[in-house]
> 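My questions will all concern the structure given below.
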Amino acid sequence: MRSIRKAIAVLLVVGMLSAGCGIVGGDAGVESHTHPPGTGPHTHDGTMADGSMTHTPVEAPEGMSVSLQVIVDSVSGYNLRIATLGFRFAPESAGAAHVPGEGHAHLYVNGVKTRVYSEWFHLDGLAPGTNEVRVTLNANDHSPYATGGAMLEDSLSLQVAG
């Protein structure tokens with residue numbers, strides 16, 4: 001089993017290098033979903049359709065962005081990179097007052113939220129099949145960042161073999 005994982009990892013790395021990037025693409029079981037304004041799973045005020053998120057969004061500083069990148073881990077699971085521009089992870093300020101351009105991320109895996117305080121996160125134990133992964137950038141006070149009313153987020157579907 002370990003040699004199969006290693007062979008798959010090598011194939012994925014070769015594929016990534018030949019594509020000129022370090023992220024796993026759609027052919028390797030990852031499909032990206034960047035939500036255009038007003039089309040994501042949120043209402044215009046940042047609350048989830050089920051009402052679970054109640055923080056009012058704050059306007060992101062100009063140029064702030066986020067994207068998810070997935071790399072198959074050579075031992076188990078996946079390494080997620082939360083690549084940002086114009087944003088600083090500030091775990092020491094979680095729950096404190098809003099400071100433009102800093103905060104943390106909220107990572108949702110199949111709808112279950114966890115806080116992330118740095119650029120990298122190891123994801124393991126996913127159920128076989130399609131797993132939905134979404135990340136939002138959030139201010140210190142947990143308010144989600146938005147640009148022009150659109151949530152600052154990225155998402156992807158991760159296919160896990162059975």
Side-chain angles (χ1 to χ4, degrees), residues 5 8-9 11-43 46-50 52-53 55 57-91 94 101-140 142-161:
R5 281 190 200 153
I8 290 171
L11 289 173
L12 289 172
V13 169
V14 170
M16 290 184 288
L17 292 174
S18 67
C21 64
I23 61 173
V24 177
D27 291 339
V30 178
E31 181 181 341
S32 180
H33 303 285
T34 301
H35 299 288
T39 63
H42 300 91
T43 63
T47 59
M48 296 296 289
D50 67 1
S52 63
M53 194 162 100
H55 299 286
V58 294
E59 189 64 23
E62 187 174 334
M64 183 184 283
S65 67
V66 63
S67 65
L68 272 176
Q69 299 169 350
V70 180
I71 301 169
V72 176
D73 187 271
S74 62
V75 176
S76 68
Y78 304 88
N79 294 314
L80 299 181
R81 179 175 180 227
I82 302 169
T84 64
L85 289 175
F87 179 81
R88 183 181 81 82
F89 283 95
E102 71 176 38
H104 58 278
H106 288 179
L107 181 68
Y108 299 85
V109 179
N110 298 321
V112 177
K113 180 181 98 174
T114 190
R115 290 185 202 162
V116 181
Y117 296 106
S118 68
E119 177 180 12
W120 290 95
F121 185 84
H122 181 76
L123 187 58
D124 202 2
L126 294 174
T130 303
N131 290 269
E132 298 299 325
V133 181
R134 182 172 61 90
V135 66
T136 61
L137 292 183
N138 297 74
N140 295 331
H142 304 285
S143 298
Y145 279 105
T147 299
M151 299 295 294
L152 200 55
E153 64 180 16
D154 194 19
S155 64
L156 53 85
S157 295
L158 185 57
Q159 297 295 325
V160 176

> Could you give the distance from CG (L107) to OG1 (T114), rounded to the nearest 0.5 Å?
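Here the interatomic distance stands at 7.0 Å.
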> Over 60° means perpendicular and under 30° means parallel, so tell me whether H106 and H104 are parallel, tilted or perpendicular.
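Because their plane-to-plane angle lies in the 30° to 60° range, the rings of H106 and H104 count as tilted.
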> Could you pull out all residues at least two apart from F89 that satisfy ring-ring contact (aromatic ring centres under 6.0 Å, His included)?
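Residues passing ring-ring contact (aromatic ring centres under 6.0 Å, His included) with F89: F87.
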> Is there a side-chain contact between T84 and E119, using heavy atoms and a 4.5 Å cut-off?
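No. Closest side-chain heavy atoms not under 4.5 Å.
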> Using 0.5 Å steps for rounding, measure from the CZ atom of R88 to the CE atom of M64.
11.0 Å
> Looking only at heavy atoms, what is the nearest atom pair of H122 and S76, with distance?
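Looking at all heavy atoms of both residues, the closest pair is CE1-O, 2.8 Å.
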> Restricting to non-hydrogen atoms, name the atom on A83 and the atom on Q69 that form the minimum distance, rounded to 0.1 Å.
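Scanning both residues, the minimum pair turns out to be CB-NE2, 4.1 Å.
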> Is there side-chain contact between Y145 and V66, with heavy atoms separated by less than 4.5 Å?
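No. Closest side-chain heavy atoms not under 4.5 Å.
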> Tell me the closest heavy-atom pair linking S118 and I82, and the distance in Å.
O-CD1, 4.3 Å
> Do V116 and V135 have side chains that get closer than 4.5 Å, going by heavy atoms?
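With C-beta onward as the side chain, the pair stays apart.
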> Search all heavy atoms of T130 against all heavy atoms of S157 and return the closest pair with its distance.
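Between these two residues, the closest heavy atoms are CG2-CB, 4.0 Å.
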> Side chains of V72 and Y78: closer than 4.5 Å at any heavy-atom pair?
yes
> If you define the side chain from C-beta out and look only at heavy atoms, does anything of E132 sit under 4.5 Å from V109?
no
> Between CG of N138 and CD of E153, what distance do you get to the nearest 0.5 Å?
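Nearest 0.5 Å value for the CG-CD distance: 10.5 Å.
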> Quick one: closest heavy-atom pair of A60 and L152, and the distance?
CB-CD2, 3.9 Å
> Are I71 and W120 side-chain neighbours, meaning at least one heavy-atom pair lies under 4.5 Å?
yes
> Are N79 and V70 close enough that some pair of their side-chain heavy atoms sits under 4.5 Å apart?
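A side-chain contact is absent here, since even the closest heavy-atom pair is not under 4.5 Å.
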